[in-house]
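In this text, all values refer to a predicted model and were calculated from it rather than measured experimentally.
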Amino acid sequence: MYLDTDTYNAVENYDLLNRWNPSQNYIAHGFVYPFFHSITGLIETPPSGYDPAKAAALLSSYEDADIPAGRQINIIAVMREAYVDFSRYGVEGLDASSYELYHQLEAESYTGDLVTNIFGGGTVDTERCFLTGNYRLKKFRSNTNSYLWYLREQDYTVEGSHPYYQWFYNRQNVNGYLGFERYRFLEGDYEHFTSAALPEDSILYPEVYADFGANKASGKPYFSFVVNVQSHGPYNTDSYSGATAFLTGDAYSDTCKNAMNNYISAIHDSDLQLMKFIDKLRADPAPVVLVTFGDHLPWMGDNAAFYDDMGIDLDPGTDTGFFNHYSTRYLIWANPAAVKILDHRVTGSGPRISPCYLMGLLFQQLGWEGPAYMQMLDELMEIFPVVSTTGYYVVDGVPTSTIPSERIELFQNFLFLQQYWRNEWLYSK
């Protein structure tokens, strides 16, 4: 019982304490219980047969590659809170025009499905899998290999923004371990721009663009990772006061329609603000590529009740239900200055992948080989494009819950590589 995470997270002794804050959660449980439970985070159990020397030998057949001269393009990555395109599900009574702006952006981007490990919460799982190339995470208590450290070695400025509390998921500490030089939060920063509990994207994007512009004086290429919060749930089920009703029909309860209308209203405005940001980047003379993706599907009623009401299959025991349950979208967009350097338009359909592969896919579009770890992971992506902590995979294009016998050795190499990368510090800074 002491080690069970669900039991630990279910106990809330004090209403004033926030269970998402690790320190306050600790206080709520007293001393002894957290002390014993913390054992679960101290030691990571390696995969069966793991040998660090063998993993190092696998990685040694690749070499870190520098970003080619003249191709050090700026990158802005935006993870959008609970952003999902509901028009893809064929929901009766849904006004699909609410996604028109996003579809316009998709039409001029490289796009695909991102199969996450999470549903309705757990934002940092997708976030940190993208930044590190890990398919599952460990406890971060010291500097840990990530693509941010590689970019810093390539003389990039590495920073970002999340206009929410810095203690949330302990980003105030973990972001430094991952390689961020500077990160902006609500406290002492975005709280000065708005009184909203979930600061608006109309505040966030102008600040991101200003940071991008300010970095030009350094003469260094730029990487920024941004997490918005405007569309964070839960979504009001009691009422909806917006001018446009996006979900209508007698088939749905008022609570379902209110939740959906409040959600879509938030992301519709978020799309509008993103397009304003894109227009600034489009006109900017500096080459910049933007990658954006959702972290997970939004909360829609206890036990996903509103998904059932809308006829969306979320049964993870079927292929369709699994991908509905865990898939969001990603897109990669390049401004005209970047297209000129790349000598190709960044458009088309990309593969269905796990978040651990997304940075590598971005590097491929930029014509970068990247660090040795990414190069090996790129090759494994061709065989195992979806590797989920739920125990569901796509192997050679086939969804499965069991690794085929002819791929077991290669999958073991994948697990060894991941274990080594998570635990053996390889950077000097």
ask   = In this structure, are over 12 heavy atoms from other groups packed under 6.0 Å from Y89 atom OH?
value = yes
remark   = Sorted by chain and number, sequence neighbours left out, side chain to side chain contact (heavy atoms under 4.5 Å, CB included) with L272 holds for L101, D269, K276
ask   = Can you check whether L204 reaches V226 side chain to side chain, under 4.5 Å on heavy atoms?
value = yes
ask   = Is there side-chain contact between Q365 and H344, with heavy atoms separated by less than 4.5 Å?
value = yes
Check: F119 ring centre within less than 6.0 Å of H325 ring centre = yes
query = In terms of ring plane angle, is the pair Y2 and F36 parallel, tilted or perpendicular, where the classes change at 30° and 60°?
reply = tilted
message = Any side-chain to backbone donor/acceptor pair from T111 onto Y330? Under 3.5 Å, distance only.
response = no
ask   = Between E81 and T123, do the side chains contain an N or O donor and an N or O acceptor separated by less than 3.5 Å?
value = yes
request  = Show your working on salt bridge (Lys or Arg N to Asp or Glu O under 4.0 Å) between K257 and D309 and close with a plain yes or no.
outcome  = CA-CA 10 Å; K257 287 187 285 189; D309 293 347; over 6 Å; no
ask   = Do the side chains of F293 and L358 get nearer than 4.5 Å, heavy atoms only?
value = yes
inquiry  = If you count every heavy atom of other residues, nucleotides or ligands that lies below 6.0 Å from E63 atom CD, does the total exceed 12?
reply    = no
query = Does D113 pair with R329 as a salt bridge, N-O distance under 4.0 Å?
reply = yes
inquiry  = Before you tell me yes or no, could you show the steps for L366 and I75 under side-chain contact (heavy atoms from CB on, under 4.5 Å), namely the whole-Å CA-CA distance, both residues' side-chain angles and the distance that decides it to 0.1 Å?
reply    = CA-CA 10 Å; L366 298 178; I75 298 172; 3.9 Å; yes
query = Taking it one step at a time, do D66 and R71 satisfy salt bridge (Lys or Arg N to Asp or Glu O under 4.0 Å)?
reply = CA-CA 10 Å; D66 291 333; R71 296 180 71 91; over 6 Å; no
key: Test item: side-chain donor near acceptor, Y373 and Q418, under 3.5 Å   = yes
key: Reference residue Y62; test side chain to side chain donor-acceptor pair (under 3.5 Å); the match among E369, E379, Q375   = E379
task = Sequence neighbours left out, what passes side chain to side chain donor-acceptor pair (under 3.5 Å) with Y165? Give chain and number order.
result = none
ask   = Sub-3.5 Å donor-acceptor pair from the side chain of N335 to the main-chain atoms of P287, do we have one?
value = no
message = Looking only at side-chain N and O atoms, does T255 offer a donor or acceptor that is under 3.5 Å from a partner on S253?
response = yes
query = So, T126 side chain and V124 main chain: donor-acceptor pair closer than 3.5 Å or not?
reply = no
query = Mind checking whether F411 and Y393 have parallel, tilted or perpendicular rings, split at 30° and 60°?
reply = perpendicular
query = Between S161 and Y190, does any side-chain donor sit less than 3.5 Å from a side-chain acceptor?
reply = yes
Side chain to side chain, Y205 and L274, heavy atoms closer than 4.5 Å = yes
query = Which word best sums up how the rings of W368 and F363 line up, parallel for under 30°, tilted for 30 to 60°, or perpendicular for over 60°?
reply = perpendicular
ask   = Is there a donor-acceptor contact under 3.5 Å from the side chain of W425 to the main chain of Y427?
value = yes
ask   = Do L247 and Y252 come close enough that some side-chain heavy atom pair is under 4.5 Å?
value = yes
key: Any donor-acceptor pair under 3.5 Å from R152 side chain to G179 backbone   = yes
ask   = Does a side-chain heavy-atom distance below 4.5 Å link F130 with M79?
value = no
query = Which class fits the ring pair Y263 and F86: parallel under 30°, tilted 30 to 60°, perpendicular over 60°?
reply = perpendicular
key: Side chains of D85 and H103, donor plus acceptor under 3.5 Å   = yes
message = Regarding T237 and N258, do their side chains bring together a donor and an acceptor under 3.5 Å, going by distance alone?
response = no
task = Could you tell me whether the side chains of S231 and R80 share a donor-acceptor contact shorter than 3.5 Å?
result = no
request  = Could you verify whether a donor N or O on one side chain and an acceptor N or O on the other, from Y156 and N74, lie under 3.5 Å apart?
outcome  = no
Nearest-0.5 Å distance that lies between atom CE in M300 and atom SG in C256 = 8.0 Å
request  = Using the side-chain contact (heavy atoms from CB on, under 4.5 Å) rule, take L314 and D308 through it: C-alpha gap first, then chi angles, then the decisive distance, then the call.
outcome  = CA-CA 8 Å; L314 293 183; D308 290 338; 5.8 Å; no
inquiry  = Ignoring hydrogens and geometry beyond distance, is a side-chain donor-acceptor pair present between E108 and W333 at under 3.5 Å?
reply    = yes
request  = Examine the side chains of T390 and S388 and answer whether a donor and an acceptor come within less than 3.5 Å of each other.
outcome  = yes
message = Classify the ring geometry of F414 against Y357: parallel below 30°, tilted from 30° to 60°, perpendicular beyond 60°.
response = tilted
request  = Give me the ring orientation class for Y183 and F180: parallel if the planes are under 30° apart, tilted from 30 to 60°, perpendicular past 60°.
outcome  = perpendicular
task = Please determine if E127 and R171 form a salt bridge, counting it only when a charged side-chain N lies under 4.0 Å from a carboxylate O.
result = yes
key: Heavy-atom donor-acceptor pair, S146 side chain to T132 backbone, under 3.5 Å   = no
ask   = With a 6.0 Å cut-off on ring centres, are Y83 and Y102 close enough?
value = yes
ask   = Any side-chain donor-acceptor pair under 3.5 Å between N262 and N236?
value = no
task = Starting from the C-alpha separation in whole Å, work towards a yes-or-no answer on side-chain hydrogen bond (donor to acceptor under 3.5 Å, both in side chains) for D284 and Y209.
result = CA-CA 10 Å; D284 200 289; Y209 186 72; 2.7 Å; yes
Test: K216 cationic atom under 6.0 Å from F212 six-membered ring centre, within 45° of axis = yes
task = Indicate yes or no for a side-chain donor-acceptor contact from Y99 to the backbone of V84 under 3.5 Å, with no hydrogens or angles considered.
result = yes
message = Donor-acceptor pair, distance only, cut-off 3.5 Å: does the side chain of Q230 make one with the backbone of P199?
response = no
request  = Using a 4.5 Å cut-off on heavy atoms from C-beta on, say whether the side chain of V291 contacts that of L331.
outcome  = no
inquiry  = Could you measure the distance from the CZ atom of R407 to the CD atom of Q412? Nearest 0.5 Å is fine.
reply    = 15.0 Å
task = Would you confirm whether S61, through its side chain, and L58, through its main-chain N or O, come within 3.5 Å as a donor-acceptor pair?
result = yes
inquiry  = Is it the case that the ring center of Y420 lies less than 6.0 angstrom away from the ring center of F416?
reply    = no
request  = Check step by step if side-chain contact (heavy atoms from CB on, under 4.5 Å) holds for V289 and I332.
outcome  = CA-CA 7 Å; V289 166; I332 301 172; 3.6 Å; yes
message = Check this for me: does any side-chain nitrogen of one of E159 and R184 sit under 4.0 Å from a carboxylate oxygen of the other?
response = no
request  = Test salt bridge (Lys or Arg N to Asp or Glu O under 4.0 Å) on D211 and R182 and set out the steps.
outcome  = CA-CA 11 Å; D211 288 341; R182 171 178 177 253; 3.8 Å; yes
Modelled atom types, side-chain donor and acceptor of T320 and D313, under 3.5 Å = no
ask   = Is there a donor in the side chain of N215 and an acceptor in the side chain of T157, or the other way round, less than 3.5 Å apart?
value = yes
query = With side chains defined as the heavy atoms from C-beta onward, is the minimum distance between V174 and Y169 less than 4.5 Å?
reply = no
task = Verify whether the ring centers belonging to F246 and H268 lie closer than 6.0 Å.
result = yes
query = Counting N and O atoms only, with roles assigned by atom type, does the side chain of N145 sit under 3.5 Å from a partner on the main chain of E424, one being a donor and the other an acceptor?
reply = yes
